[in-house]
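What you are looking at is a predicted structure, and each value in this text was computed from that prediction instead of being measured. Numbering of ligands and ligand atoms starts at 1, following listing order.
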Amino acid sequence: MDYFNYRHGRLLAEEVDLVSVAREVSTPVYVYSKGTILLHLERLREAFTELDCLICYSVKANANLHVLRTCAEAGMGFDIVSGGELYRALKGGADPARIVYSGVGKSRDEISAALESGILMFNVESESELAAINDIAARLGCTAPVAFRLNPDTDAHTHEYITTATRQNKFGIAIEEAERMLARWDEFAACRLVGVDMHLGSQITETEPYALAIDRLLLFVEKVRRAGHNVRYFDIGGGFGIFYRGSEARDASEFAGVIVPRLKDKGLTLIIEPGRFIIGNAGVLLTSVIYIKRQSGKRFVICDAAMNDLLRPSMYGGYHRIWPAATHLPFTQDETDETPLADIVGPVCESGDFMAKDRALPNVAEGDVLAIYGAGAYGMSMASNYNARRRAPEVMVAGDSWRIVRRRETYEDLIRPEVEISG
Ligand code: LLP
């Protein structure tokens with residue numbers, strides 16, 4: 001489900017040779033395929049075609065303005081979680097009427113900015129937040145559209161750091177609590193209840209958690225409607241998993257298979273907040289081998305990309321396929337065959353700075369370019385300047401053309417926000 005393929009032993013993104021991009025822009029560099037982004041959107045649209053459906057791309061996955069513009073031009077809305085993401089989404093050409101605002105800690109400034117922009121709805125995560133939104137809307141003389149983000153107490157069976165909808169997590173409002181808030185709705189007269197929302201977690205590869213949670217929320221929708229609220233939006237959050245190793249991801253149609261029948265003919269607009277599904281497999285991180293080091297029987301392939309560029313392996317033990325960008329050898333992850341193993345690491349001064357450990361990787365030489373796959377989501381958006389490293393540039397490919405959509409940071413960029421040292 002992507003447009004990264006080898007031809008004559010060279011990795012192409014669509015029609016663009018990635019070793020050439022690496023040589024021209026230097027490494028590390030993120031490369032995104034516009035065609036793949038649009039392909040993933042199309043897969044979602046096809047799968048949910050029977051429902052009235054608004055796809056709100058989750059900005060946190062990759063907030064590059066050109067990625068956002070691609071999404072906006074394709075008719076997507078946006079899921080944001082901060083004033084910064086609101087700013088970026090609007091700069092990227094977002095229609096504010098297609099923005100949903102999630103997150104447990106929206107500040108009053110952020111709420112005001114979102115209200116003034118005219119967003120579609122706030123996904124409210126607590127009574128205190130609802131009171132704050134109500135207060136701000138009353139002061140601004142407007143009505144705030146809100147949805148309850150409910151915690152359906154459903155385990156999505158994913159990494160503990162990215163599961164969000166069990167009682168142990170900070171996210172969402174317990175259904176009983178939301179019912180109590182509903183009973184006192186006259187205290188929130190400047191808010192209009194327009195929807196319900198959930199988000200079960202990320203990199204979900206089972207459909208069952210969606211089925212269970214939607215059934216729980218639908219019972220709540222009935223109660224809300226009986227209480228006289230015109231609930232129109234049913235937001236199921238994001239979470240659809242992608243391919244990291246090879247075959248773990250489900251097709252969008254499999255998720256739709258449990259979601260569509262439940263929401264059909266209910267007078268509801270489905271909102272989906274996919275991040276990873278849209279952009280994860282639409283991006284690779286290219287890195288060059290700086291040195292090869294053999295120590296205690298181990299081969300360390302030291303690259304110029306590091307944990308500050310791609311945090312997922314060290315933070316979640318995330319697996320990313322890694323393979324030379326110029327090779328005739330077909331990819332293998334079989335650590336028992338002839339392919340020698342390596343730890344693929346970066347220059348950062350932490351033992352946790354690795355892209356892969358004990359990974360099958362053909363013999364590579366210093367200067368060779370490696371492609372780290374599945375890096376489009378939560379790659380650049382989680383990158384940092386740790387070890388005073390400049391953040392990598394980003395390239396967007398479309399067909400046989402490509403361009404830099406974010407330049408490599410300079411050393412001046414690193415110190416710009418700091419007050420000048422005088423005397
Ligand atoms: N909606 C809400 C309210 C979310 O919190 C998230 C992700 C999404 C949508 C998008 O989820 P997706 O479709 O991308 O799974 N940094 C982690 C992932 C954190 C996800 C946080 N919330 C990682 O690299 O795996």
Need the ligand 1 atom indices (1-based, order shown) with element for anything under 4.0 Å from a heavy-atom of [X].
X: P274; value: 13 (O)
X: R149; value: 3 (C)
X: G275; value: 12 (P), 13 (O), 14 (O)
X: M382; value: 16 (N)

Does any N/O atom on [X] come nearer than 3.5 Å to any N/O atom on ligand 1?
X: Y378; value: yes
X: R312; value: yes
X: G239; value: yes
X: G201; value: no

- Is R276 touching ligand 1 with its side chain, its backbone, both, or neither, if touching means heavy atoms under 4.0 Å apart? both

- Task: Examine the proximity of ligand 1 to H199 and report which part, side chain or backbone, both or neither, has a heavy atom under 4.0 Å away.
- Result: side chain

Please state whether [X] comes within less than 4.0 angstrom of ligand 1, counting heavy atoms only.
X: A61; result: no
X: Y316; result: yes
X: A377; result: no
X: M315; result: no

- Query: So, is the end of the R390 side chain (NZ or CZ) under 6.0 Å from the ring centre of Y411 and within 45° of the ring's axis?
  - Reply: yes

Can [X] and [Y] be counted as an ion pair, charged N to O under 4.0 angstrom?
X: E222; Y: R225; value: no
X: R262; Y: D215; value: yes
X: E85; Y: R88; value: no
X: E127; Y: R184; value: yes
X: R10; Y: D17; value: yes
X: R149; Y: D235; value: no
X: D413; Y: R408; value: no

- Task: Just go through E125, E273, K60 and tell me whose heavy atom is the nearest to atom 22 (N) of ligand 1.
- Result: K60

- Message: Counting neighbours of NZ on K60 that are heavy atoms of other residues, nucleotides or ligands and sit closer than 6.0 Å, is the number greater than 12?
- Response: yes

- Task: Determine, stepwise, if the pair D52 / R232 fulfils salt bridge (charged side-chain N to carboxylate O under 4.0 Å, His left out).
- Result: CA-CA 11 Å; D52 183 23; R232 292 169 48 206; over 6 Å; no

